[in-house]
Amino acid sequence: MQAQENQLGHLLFAWQQHGLAGDFEKFLVYALPVIEGTVRQQLTHLNQLADQALADEALALVLDHLRRLPTCVDKPPGITRGQLPSSTAERPVSCFRLSADVANSGERYLTWLTQRRTVDTIRRCQRERQRCRNFSALAQGQLARAQAANERGLRREAQQTEINDNRLAWIHRMLAELSPPDRLLMELVLEGKTLVVISHVLDCAEGTVSRRRKRIEAWLRRQALCADDDR
């Protein structure tokens with residue numbers, strides 16, 4: 001009777017000892033209902049039953065562990081590495097201990113293993129979600145700071161543009177008080193014309209243009225000081 005109850009343990013032990021694909025397939029026929037049922041129970045206990053992705057990942061972790069069991073024992077004579085599933089070439093795992101004194105040792109082992117891997121899956125998922133929340137909060141903070149910096153820059157730019165426009169408007173009002181030749185000279189200066197071009201337009205020497213410009217600019221500075229004092 002006990003041998004029948006421990007059929008799962010004997011199938012698991014055979015897979016572990018020999019690493020034959022047929023043994024593993026036969027073992028899974030009996031093992032999958034136990035593993036899937038334990039995953040559901042554990043997820044229900046931890047209020048995570050609705051997350052099918054967690055169930056799938058926990059199942060995958062358990063199966064990966066079981067596939068690597070043959071690596072924990074020496075290969076029997078006649079068994080080659082090519083006869084073992086590729087996953088068994090990875091790092092070994094702790095062996096399953098078949099005990100004649102413990103009823104249902106195979107089911108007990110699967111239940112223990114599945115519970116641990118399910119908890120591992122939930123913890124990993126929780127860490128990833130926390131990292132996502134932290135990253136999202138960080139990204140939102142960086143975006144808010146970037147937007148604030150951009151808004152400050154736009155405000156400074158708008159303020160500077162307004163200041164420049166006001167200055168230019170004041171200069172034009174002042175130039176309106178000059179004689180036509182002097183006003184034309186300064187308008188050409190404001191347009192960015194070179195000394196050579198201005199002297200050609202005004203039909204005078206470059207030195208004359210330079211002196212007249214300096215005189216007008218000095219007058220404009222005095223007017224600006226007087227305007228500041230009036231304010």
Side-chain angles (χ1 to χ4, degrees), residues 2-76 79-143:
Q2 185 170 330
Q4 293 179 348
E5 291 178 349
N6 209 16
Q7 183 181 19
L8 192 56
H10 288 290
L11 292 172
L12 177 57
F13 189 72
W15 156 247
Q16 178 177 270
Q17 290 297 111
H18 305 294
L20 296 175
D23 288 341
F24 191 62
E25 292 173 0
K26 188 183 299 184
F27 160 70
L28 285 183
V29 172
Y30 297 91
L32 279 177
V34 176
I35 298 170
E36 293 172 345
T38 304
V39 169
R40 286 194 299 271
Q41 292 175 1
Q42 192 73 358
L43 291 177
T44 300
H45 176 68
L46 298 172
N47 298 318
Q48 300 287 341
L49 181 60
D51 197 331
Q52 184 59 41
L54 285 178
D56 294 341
E57 184 170 346
L59 175 61
L61 288 178
V62 173
L63 293 179
D64 180 67
H65 183 106
L66 294 172
R67 286 191 184 98
R68 290 186 283 126
L69 280 176
T71 64
C72 72
V73 295
D74 294 333
K75 290 180 295 180
I79 298 298
T80 65
R81 179 65 65 179
Q83 292 175 273
L84 297 177
S86 59
S87 62
T88 61
E90 302 171 2
R91 62 180 180 82
V93 294
S94 300
C95 288
F96 161 65
R97 306 298 179 185
L98 179 64
S99 174
D101 300 328
V102 179
N104 298 320
S105 60
E107 184 172 344
R108 289 171 179 263
Y109 175 82
L110 282 180
T111 300
W112 166 83
L113 174 63
T114 304
Q115 288 174 341
R116 291 193 59 180
R117 292 298 175 264
T118 303
V119 171
D120 291 343
T121 300
I122 293 173
R123 287 174 177 169
R124 181 203 57 76
C125 182
Q126 289 173 341
R127 288 194 298 269
E128 288 186 355
R129 287 173 179 172
Q130 184 61 44
R131 282 197 295 269
C132 288
R133 285 194 294 268
N134 292 341
F135 177 78
S136 177
L138 177 62
Q140 289 176 357
Q142 290 177 334
L143 178 60

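Considering all non-hydrogen atoms of both residues, Tyr30 and Gln7 come closest at OH-NE2, 3.7 Å. Taking every heavy atom of both residues into account, Pro70 and Gly19 meet most closely at CG-CA, 3.8 Å.
In this structure, NE2 on His10 lies 13.5 Å from CG on Asp23, to the nearest 0.5 angstrom. With values rounded to the nearest 0.5 angstrom, Leu11 atom CG is found 13.0 Å from Gln16 atom CD. Annotation: the span from Arg97 atom CZ to Leu12 atom CG amounts to 12.0 Å, rounded to 0.5 Å. The distance from the CD atom of Gln41 to the OG1 atom of Thr111 is 8.0 Å, given to the nearest 0.5 Å.
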Could you please spell out the steps behind the side chain to side chain contact (heavy atoms under 4.5 Å, CB included) verdict for Ile122 and Leu43?
CA-CA 9 Å; Ile122 293 173; Leu43 291 177; 3.7 Å; yes
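Sorted pairs that involve residues 29-38 and meet salt bridge (charged side-chain N to carboxylate O under 4.0 Å, His left out), not counting sequence neighbours, are lacking altogether.
You'll find the side chain of Asn104 stays beyond 4.5 Å of the side chain of Leu8, heavy atoms only. Under the 4.5 Å side-chain criterion, counting only non-hydrogen atoms from C-beta, Leu54 is not in contact with Val39.
Listed by chain and residue number, nothing satisfies the ring-ring contact (aromatic ring centres under 6.0 Å, His included) test with Phe13 (two or more places apart in sequence, or in another chain). In this structure Arg124 satisfies the side-chain hydrogen bond (donor to acceptor under 3.5 Å, both in side chains) test together with Glu57, Glu128, sequence neighbours excluded.
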If you look only at distance, which donor and acceptor atoms sit under 3.5 Å apart when one is on a side chain in residues 113-121 and the other is two or more places apart or in another chain?
residue, atom, partner, partner atom, Å
Thr114, OG1, Leu110, O, 2.7
Arg117, NH1, Asp120, OD2, 3.2
Arg117, NH2, His65, ND1, 3.2
Thr118, OG1, Thr114, O, 2.7
Thr121, OG1, Arg117, O, 2.8

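Side-chain N or O atoms of Trp15 include one that pairs as donor or acceptor with a backbone N or O of Leu66 at under 3.5 Å.
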